[in-house]
Amino acid sequence: MDTEIELKFLVSDNEVPLIPALITQFAKRVNNKPAKNLENAYYDTPSRELRALDIGLRTRCMNSDCEQTIKLSGEVIGGLHQRPEYNLPLKSRKPDLFAFDSNIWPMGMRLESVAENIFPIFSTNFIRRTWLIETEAGSLIEVVLDKGEICASGKSESISELEFELVEGERSDLFLLAEQLVSQIGVRLGFYSKAARGYRLADDKPLQPNAEIGFVSLSTDMNQEQAFIKTINYAIELIQKHEQCYLNDPSLKTLKRIIDGVRLIKHAFWLFEEFVTRETTDTLRKELKWLLGELDWVESAIYLKTYTSKRHAYYKRIHSAPELSDVIGDLKRVQPTKTDLEDLFHCPRYNKLLLSLTRWLIEKNWRQQWDQNAINAAQSSIRTMAKKTFDGEWKKLRNLYPEKSQMGVSDYIQTRTSIEEMLLSGSCFGALFNEESRIDFRAPWMDILSGVYELETLHYLKQLCEGQEAQPFSDILTWLQQKSDFLISAMEQSRRATVSCEPYW
């Protein structure tokens, strides 16, 4: 068995000619291997039994030489892929599952049934160029450039990937080489394998953005450090998934999920501050703040889209005031374009941030500042810590939402951060508790937060109208006030019911 440790990058056609010279520049010695034309087929059953077990079965042929490969469940953190794999020579193009050691298969797997029912689901055919490089520190890294396509069900997607696989030496050299690469050319870290892309193509299931942040998959027997690692990795996945979703189909809501991923990382730094000191996260925090700054226009853009959507009540009112429509149109025209966002996702600073997060997580760099108190906190129960966190946030929210006092627009807007923090903590720890109770508790708070967002939308529109003398502006301001009053009335009812509900933890 081998365990792949590789970094994957997506590279554009414009950057491909630059790669050989860059590799030579970074390496102490380079062995340039002949290019290969590789034909690959991926197999599974009609019900996708191997996929359900996170097993990949592939045959690979070059001329008359073939091999079969089993890849078992591993992990992807950022662009770093680590996965056990088994390779055997193959006499024909059809795989033989019984040739593999029987001990590799997961318990309960129906090997005979799977072997009878497998068939080729999709293929990947590409030309592979390979360089074996030796770094100054003595590590051996295989650099692979694959150019070709994935084919399934009469459809195809292009492959243009650059992979760095550690053959021998220190994993840190892999990251150093990657950091040098992203400093020189516009590449993106690749989160999805060829197999994952192939299954989506074969099953006609394109990558879809999340409707919300979701919940980190934690178990009650985890300690705090294990939960922290899970949370950061979940957030990195959220960012990378929605980066790809945006490039596939640009959407403001998709960018909002990227913002959610960044905020989840920052929130985790705060939640686990007993053993994750600010000194070990200072550089990462600065870069995360930079990325949030690059996307700080998204919220305003969502407001503007709301005003100009024919599905919303704002549309007719705004179009009754052409001057206001012109103002909104001007604001929309100065928003970053899809090309601007593509440049952001390919720029060195963005990709260095993802690389730094990945390396920081893999190497557990927060341990550098540990004392005994930090060790004790890291090893303590995550469920106990979650309950303590929830209790503190619940007390804070009840103080912000007094049952008997009337709240106004500014009061609700000021509570936005506290509600978001509570819901983010729920995304981190909610999976530790009963799902039904969790949904019942969070739903009204999410409604209130949605109301806060709408209040901010109304407030933003009000600011655009104020100071204008034309009669339509005056009419819109009156209508906005009525909308705010009606919304506050509904939110007040939800608030009084919410603060008296039973916590789910």
Side-chain angles (χ1 to χ4, degrees), residues 4-33 35-36 75-83 126-148 158-194 197 236-237 239-240 243-244 247 283-284 287-288 290-291 294 341-363 365:
E4 284 184 315
I5 301 177
E6 66 180 24
L7 282 165
K8 184 191 297 289
F9 296 91
L10 306 180
V11 56
S12 70
D13 290 342
N14 293 335
E15 308 288 0
V16 168
L18 305 175
I19 290 170
L22 287 171
I23 291 170
T24 303
Q25 175 185 337
F26 298 146
K28 181 179 177 181
R29 271 189 288 272
V30 180
N31 179 11
N32 188 353
K33 298 183 179 180
K36 300 177 182 178
E75 65 176 346
V76 181
I77 299 178
L80 186 73
H81 298 242
Q82 299 181 100
R83 197 171 187 186
F126 49 85
I127 294 174
R128 167 165 287 181
R129 296 181 64 187
T130 305
W131 301 266
L132 183 64
I133 71 171
E134 181 183 349
T135 68
E136 292 294 337
S139 294
L140 291 179
I141 297 173
E142 187 175 69
V143 180
V144 168
L145 174 65
D146 291 338
K147 290 283 295 177
S158 66
I159 295 171
S160 186
E161 297 178 350
L162 187 66
E163 297 175 357
F164 295 171
E165 182 174 353
L166 183 64
V167 177
E168 181 182 305
E170 298 299 320
R171 190 165 49 198
S172 58
D173 284 346
L174 200 64
F175 283 103
L176 287 173
L177 180 62
E179 287 167 4
Q180 290 174 318
L181 175 79
V182 299
S183 297
Q184 299 287 330
I185 60 175
V187 296
R188 286 194 299 124
L189 278 165
F191 181 72
Y192 294 104
S193 66
K194 297 181 184 73
R197 294 174 60 196
I236 294 173
E237 286 185 20
I239 293 168
Q240 289 195 277
E243 167 200 317
Q244 187 61 56
L247 294 173
T283 300
L284 291 173
E287 292 305 290
L288 291 167
W290 161 78
L291 182 53
E294 292 293 307
L341 270 297
E342 288 176 348
D343 290 343
L344 173 65
F345 296 143
H346 285 86
C347 80
R349 191 169 183 178
Y350 174 80
N351 283 282
K352 279 187 176 180
L353 169 57
L354 291 179
L355 270 176
S356 297
L357 279 166
T358 301
R359 184 175 182 180
W360 186 84
L361 195 60
I362 289 288
E363 296 180 352
N365 286 345

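Index from 1, following the sequence.
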Asks: Between Asp146 (side chain) and Ile159 (backbone), is there a donor-acceptor pair under 3.5 Å?
Replies: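 Checked: no pair found.
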Asks: Give, for atom CG of Leu166 and atom CD of Glu6, the distance between the pair rounded to the nearest 0.5 Å.
Replies: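 Reported to 0.5 Å precision, the distance equals 11.0 Å.
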Asks: Can you list the residues that meet the salt bridge (charged side-chain N to carboxylate O under 4.0 Å, His left out) rule with Lys33, with sequence neighbours excluded?
Replies: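 Once residues adjacent in sequence are excluded, the partners of Lys33 under the salt bridge (charged side-chain N to carboxylate O under 4.0 Å, His left out) criterion are Glu142.
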Asks: Please report the C-alpha distance between Val187 and Asn351 in whole Å, then the side-chain angles of each, then the deciding distance to 0.1 Å, and finally whether the side-chain contact (heavy atoms from CB on, under 4.5 Å) criterion is met.
Replies: CA-CA 8 Å; Val187 296; Asn351 283 282; 5.6 Å; no
Asks: Measure across Leu355 and Leu189 and return the closest heavy-atom pair with its distance rounded to 0.1 Å.
Replies: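 Smallest interatomic distance, heavy atoms only, reads N-CD1, 3.9 Å.
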Asks: Return each pair, listed once, that meets salt bridge (Lys or Arg N to Asp or Glu O under 4.0 Å) where at least one residue sits in residues 343-352; pairs must be two or more places apart or across chains.
Replies: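 Found Glu287-Arg349.
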Asks: Under 6.0 Å from the CD atom of Glu170, do we count more than 12 heavy atoms belonging to anything else shown?
Replies: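 Count not over threshold, so no.
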Asks: What I'd like to find out is whether the side chain of Phe175 reaches to under 4.5 Å of the side chain of Thr358, using heavy atoms alone.
Replies: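 Of all side-chain heavy-atom pairs linking Thr358 with Phe175, at least one is under 4.5 Å.
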Asks: Kindly determine whether Trp131 and Thr24 satisfy side-chain contact (heavy atoms from CB on, under 4.5 Å), including the steps that lead there.
Replies: CA-CA 9 Å; Trp131 301 266; Thr24 303; over 6 Å; no
Asks: To the nearest 0.5 Å, what is the distance between CD on Glu168 and CD1 on Ile141?
Replies: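 Spacing of CD (Glu168) from CD1 (Ile141) equals 11.0 Å.
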Asks: How close do Glu134 and Leu140 get, counting heavy atoms only, and between which atoms?
Replies: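 Closest pair (atom of Glu134, atom of Leu140, distance): CB-CD2, 3.9 Å.
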Asks: What's the shortest heavy-atom distance between Lys8 and Ser193, and which atoms?
Replies: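 It is CE-CA, 4.2 Å.
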Asks: Run the numbers on Val11 and Leu145 for side-chain contact (heavy atoms from CB on, under 4.5 Å), then give the verdict.
Replies: CA-CA 9 Å; Val11 56; Leu145 174 65; 4.1 Å; yes
Asks: Could I get the full list of side-chain hydrogen bond (donor to acceptor under 3.5 Å, both in side chains) partners for Lys28, not counting sequence neighbours?
Replies: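 In terms of side-chain hydrogen bond (donor to acceptor under 3.5 Å, both in side chains), with neighbours along the sequence ignored, Lys28 is linked to no residue.
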Asks: Is the backbone of Leu361 close enough, under 3.5 Å, to the side chain of Asn365 for a donor and an acceptor to pair up by distance?
Replies: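 Such a contact is absent between Asn365 side chain and Leu361 backbone.
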Asks: Could you tell me the separation between the CZ atom of Phe26 and the CD1 atom of Ile133, rounded to the nearest 0.5 Å?
Replies: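 Spacing of CZ (Phe26) from CD1 (Ile133) equals 9.0 Å.
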Asks: Under the side-chain contact (heavy atoms from CB on, under 4.5 Å) criterion, do Leu247 and Leu341 qualify, and how do the steps go?
Replies: CA-CA 8 Å; Leu247 294 173; Leu341 270 297; over 6 Å; no
Asks: Please lay out, stage by stage, how Glu243 and Tyr350 fare under the test side chain to side chain donor-acceptor pair (under 3.5 Å).
Replies: CA-CA 11 Å; Glu243 167 200 317; Tyr350 174 80; 2.6 Å; yes
Asks: Do the side chain of Thr130 and the main chain of Val144 share a donor and acceptor less than 3.5 angstrom apart?
Replies: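 No: the side chain of Thr130 does not pair with the backbone of Val144.
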Asks: Just verifying a value: how many Å separate Leu354 CG and Phe191 CZ, rounded to the nearest 0.5 Å?
Replies: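 Leu354 CG to Phe191 CZ: 11.0 Å, rounded to 0.5 Å.
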Asks: Who pairs with Leu10 by side-chain contact (heavy atoms from CB on, under 4.5 Å), at least two apart in sequence or on another chain?
Replies: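 For Leu10, the residues satisfying side-chain contact (heavy atoms from CB on, under 4.5 Å) (neighbours in sequence not counted) are Glu161, Arg188, Gln244.
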Asks: Restricting to non-hydrogen atoms, name the atom on Ser139 and the atom on Gly169 that form the minimum distance, rounded to 0.1 Å.
Replies: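 Minimum heavy-atom separation between Ser139 and Gly169: OG-CA, 3.5 Å.
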Asks: Starting at CD of Glu136, measure out to CZ of Arg29 and round the result to the nearest 0.5 Å.
Replies: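 Taking CD in Glu136 and CZ in Arg29, the distance rounds to 9.0 Å.
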Asks: How close do Val143 and Ile23 get, counting heavy atoms only, and between which atoms?
Replies: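 That would be CG1-CD1, 3.5 Å.
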Asks: Mind listing the closest non-hydrogen atom pair of Phe126 and Lys194 along with its distance?
Replies: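 What the structure gives for the nearest pair is CE2-CE, 3.8 Å.
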Asks: Would you please name every residue forming a salt bridge (charged side-chain N to carboxylate O under 4.0 Å, His left out) with Glu237, sequence neighbours left out?
Replies: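 Scan of Glu237 (salt bridge (charged side-chain N to carboxylate O under 4.0 Å, His left out), adjacent residues dropped) gives none.
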Asks: Measuring from atom CD of Gln180 to atom CD of Gln184, what distance do you get when rounded to the nearest 0.5 angstrom?
Replies: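 The distance works out to 8.0 Å.
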Asks: Only distances under 3.5 Å count here; give the side-chain donor-acceptor pairs of residues 12-22 to other protein atoms, sequence neighbours excluded, each with its distance to 0.1 Å.
Replies:
unit_1: Asp13; atom_1: OD1; unit_2: Lys147; atom_2: NZ; d: 2.3
unit_1: Glu15; atom_1: OE2; unit_2: Gly186; atom_2: N; d: 3.3

